[in-house]
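The structure appears below as structure tokens.
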Amino acid sequence: MKRTESATDGPGLFDESDATSISRRERMTESVSKGVVVPFRVAWSDWRTKTGLLVMASFVAAALLTSAHVAGYEVLNAALGAVGSPWELSQPSSIQSLDETWRQGLRPFEDWRHPLGTDPTGRDLLSAILWSTPSMLQMIAAGGVFSSVMATVVGTVAGYKRGRVESVLMTLTDVAMAIPGIPLVIVIVAILRPESPYLVGIIITINVWAGLARTVHSQVLSLREQSYVEASRTMGTSTARIIRKDILPNLMPYVMVNFVYASRRVIYDSVALYFLGFLPVNQPNNWGVMMNWAYQQFGALTPAGPRYVIVVPMIPIVLLSLGLILLSQGTDRLFNPRVRTRHEGESVSEADETDERTVQTGIQ
Amino acid sequence: MNWYLKRAGQAVFTLWAVVSISFVLAWSIPGSMVERYVTQIASSTGQNPEAIRRTIANQLMYDPEAPVYEAYLTYMSNVLQGNLGTSWTAQSEVNALLVDTVPWTLLVMSLATTGLFALSLTLGAVMAYREGSRFDLANTAIGIVTTSIPYYVAGILLILWVGYGDGPITGLFPARYRMASGVSPGPSLEFVSAALRHATLPALSFVLTQYGLLALAMRGNSIQTLGEDYVEVAQLRGIPERRIALRYVGRNAILPMYTSLLLAIGFMLGGSVILEQIFQYRGVGIYMYQGIQDRDVVLMMGTFLVITVAVVIATFVADVTYSKLDPRIKAGEQGEAY
């Protein structure tokens, strides 16, 4: 589309160099438009993806601002101070002296200097939530990337190579799939005692990749027989290029859905691991740590305990996971060519029939 | 037959791999842990450390000082004979612990599975029939929101607002433990009702947080099936709507859900480690938790092995029965399992 436009808009319509060869700049604008702008517009047109993106964006923003604060750039507090907010981000800490006892055990919305309240030792809960966000997102990113890459590589290689490689890789995948994730992760964590959030994310997704690898494998099996792939083979295109140009783009929807699924697993499992104390809970770097404190130290799970202390850290957990689910529910449109064409206004076709596919691939 | 053999071989291979993985994990646990345990007992009871080390090696099922392959063979033969060792902390054979706990975990699992599928299949089918209605939209939204809640978060909320509630209905469901005190086990009404009431909240935390996506999947399958030619032909032939709904649409829409069922069972069995701890429900999971907290390798590995083997067997059974329901799977067409 862009190509024809630039050709007609160019100074000389019959200027050879301009019409037939595309400059690097033009190629870049085209790939940006195809790869970023159009998908984004399609995504934005669906309320589910829109909400999901907004939720994710606010978490990323919160993480960035908190990281900046920890590094000494107190941008967030400067902005909050400018609008006269009573609350400001600070390292969540227990009270230091007796004249600070007023800030112990405040309930949410009771005192606007601590909007979400404080725990019985005086830690500001909102600050603690934000304090945990960066490492939470690091874990998610590590887990999502690890499982997606692992699955795509295993599935593609097995599907394209066939033969012995295929049976070995697929048996490996089946074994990984059969082992229930959480017990395995708990045992590994108990042995390795990982500290880095990236490592925790990878450990949690240690067998999450298997499900996607199987899907990718069966997709590749059918893709490699497609006529356009055969055409590429006949033309003598190298295997690496066929995989990159003809196979991988078709796998994107599955990879995206899996990324979201793996991310949710990382949230769920990491929070559970910290909550039950399988990972060290000495500093607020996970919402599960806050839940652990509420559970172990403040007795929030006893009949008369301070319930809000354990309920408040659940809010970001549910919110982030909701954002991820909405994102995956909506992404199907992004990769569904029929919806994309309709969006670009080139042809009108019914598109909602295949709309349910994401739901099925997202289940596990 | 060939397919069954192949599938059985694969299951056996998986079982072997699981036992080996559990050995590798147990082996890689630092030996200093055993040492620490030995000194701990020796200082408290004044026994000969060497004797204690020997008892521990017995309980471990292999000599921690032996070369790897020798330890591996001892471990393997022990597990094959059904010996899972003796737990240090519980002072009891792991097998005895499992006999005591497995039925309780299975009770929660079967309640959860039944509830989950009854709810999501009916809801999904009704939603599909009323596609686009307010009922459909509302339930889609509710399903997505409930799916975003981790099952243990639901468990905590249920404890706080149902278990601790003392209303006419909420008072029925206890928040803690697997059995009321003073009820003796036996086929009495009191025992059965107490067991069911104690298992309700843990099962409910799974059902409420898992049904959403399954119902949406069922809805999708049903809508797709409703659009098939054979349904239209059936309608043209004047077959009663009810029969079409059950025989033509229902059967075909449920079929792909079968695999989700088994994945859900595996997921829930794994999750029992976390959920049982929250509910203080003494099943297999709570012993795994205890084994890890107390660094009791034998208990930890025994429970891990049992949970995993249960999942592998469940997967195998489901796969084999699925091939009976849907002959296409044997004909080499792997089917979309996810």
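The basis for the numbers below is simple: all heavy atoms, side chains too, and nothing from hydrogens, waters or symmetry mates. Note on naming: letters A, B, ... go to the chains in the order of the sequence lines (proteins, then strands), and numbering restarts at 1 for each one.
Side-chain contact between A:V271 and B:P150 is absent, with no heavy-atom pair separated by less than 4.5 Å. Under the 4.5 Å side-chain criterion, counting only non-hydrogen atoms from C-beta, B:T147 is in contact with A:R264. In this structure the side chain of A:M291 reaches within 4.5 angstrom of the side chain of B:I156, judged on heavy atoms.
The CG atom of B:L213 sits 7.5 Å away from atom OG of A:S328, with the distance rounded to the nearest 0.5 Å. Distance check: B:I307 CD1 to A:I179 CD1 gives 12.5 Å after rounding to the nearest 0.5 Å. Taking CZ of B:F304 as the reference point, atom CG of A:L184 lies at 4.5 Å (rounded to 0.5 Å). Between atom CZ of residue A:F278 and atom CD1 of residue B:I274 there is a gap of 7.0 Å, rounded to the nearest 0.5 Å. Here the CG atom belonging to A:D174 is positioned 4.0 Å from the CD atom belonging to B:Q10, to the nearest 0.5 angstrom. Rounding to the nearest 0.5 Å places CD1 of A:I182 at 10.0 Å from CE of B:M288.
When each of B:T303, B:I292, B:L15 is checked for heavy-atom pairs under 4.5 Å with chain A, B:I292 comes out on top. Top candidate by heavy-atom pairs under 4.5 Å with chain A, chosen from B:V273, B:V18, B:I144, is B:I144. Taking A:L276, A:I188, A:L324 one by one and counting their heavy-atom pairs under 4.5 Å with chain B, the maximum is reached by A:L276. Of all the listed residues (A:I186, A:I317, A:D269), the one sharing the greatest number of non-hydrogen pairs under 4.5 Å with chain B is A:I186.
Neither the backbone nor the side chain of A:L319 has a heavy atom closer than 4.5 Å to any heavy atom of chain B. With a threshold of 4.5 angstrom between heavy atoms, B:I21 approaches chain A through side-chain atoms but not through N, CA, C or O. Interface remark: A:V189 contributes no atoms to any contact with chain B (heavy atom separation under 4.5 Å). With a 4.5 angstrom heavy-atom cutoff, B:L269 does not touch chain A via any of its atoms. Contacts between B:Q277 and chain A at a heavy-atom distance below 4.5 Å involve backbone atoms as well as side-chain atoms.
Looking at every heavy atom in both residues, B:S148 comes nearest to A:S321 through O-OG, 2.7 Å. The two residues A:V187 and B:M300 come nearest to each other via the heavy atoms CG1-CE, 3.9 Å.
Counting heavy-atom neighbours within 6.0 Å of A:R193 CZ, excluding the residue itself, gives a total above 12. Within 6.0 Å of the CD atom in A:Q297, the count of heavy atoms belonging to other residues, nucleotides or ligands exceeds 12.
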Exercise for review: List the steps, then state whether side chain to side chain contact (heavy atoms under 4.5 Å, CB included) holds for A:M314 with B:I149.
Suggested key: CA-CA 9 Å; A:M314 291 173 180; B:I149 303 175; over 6 Å; no
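A donor-acceptor pair under 3.5 Å is formed between the side chain of B:Y152 and the backbone N or O of A:Y268.
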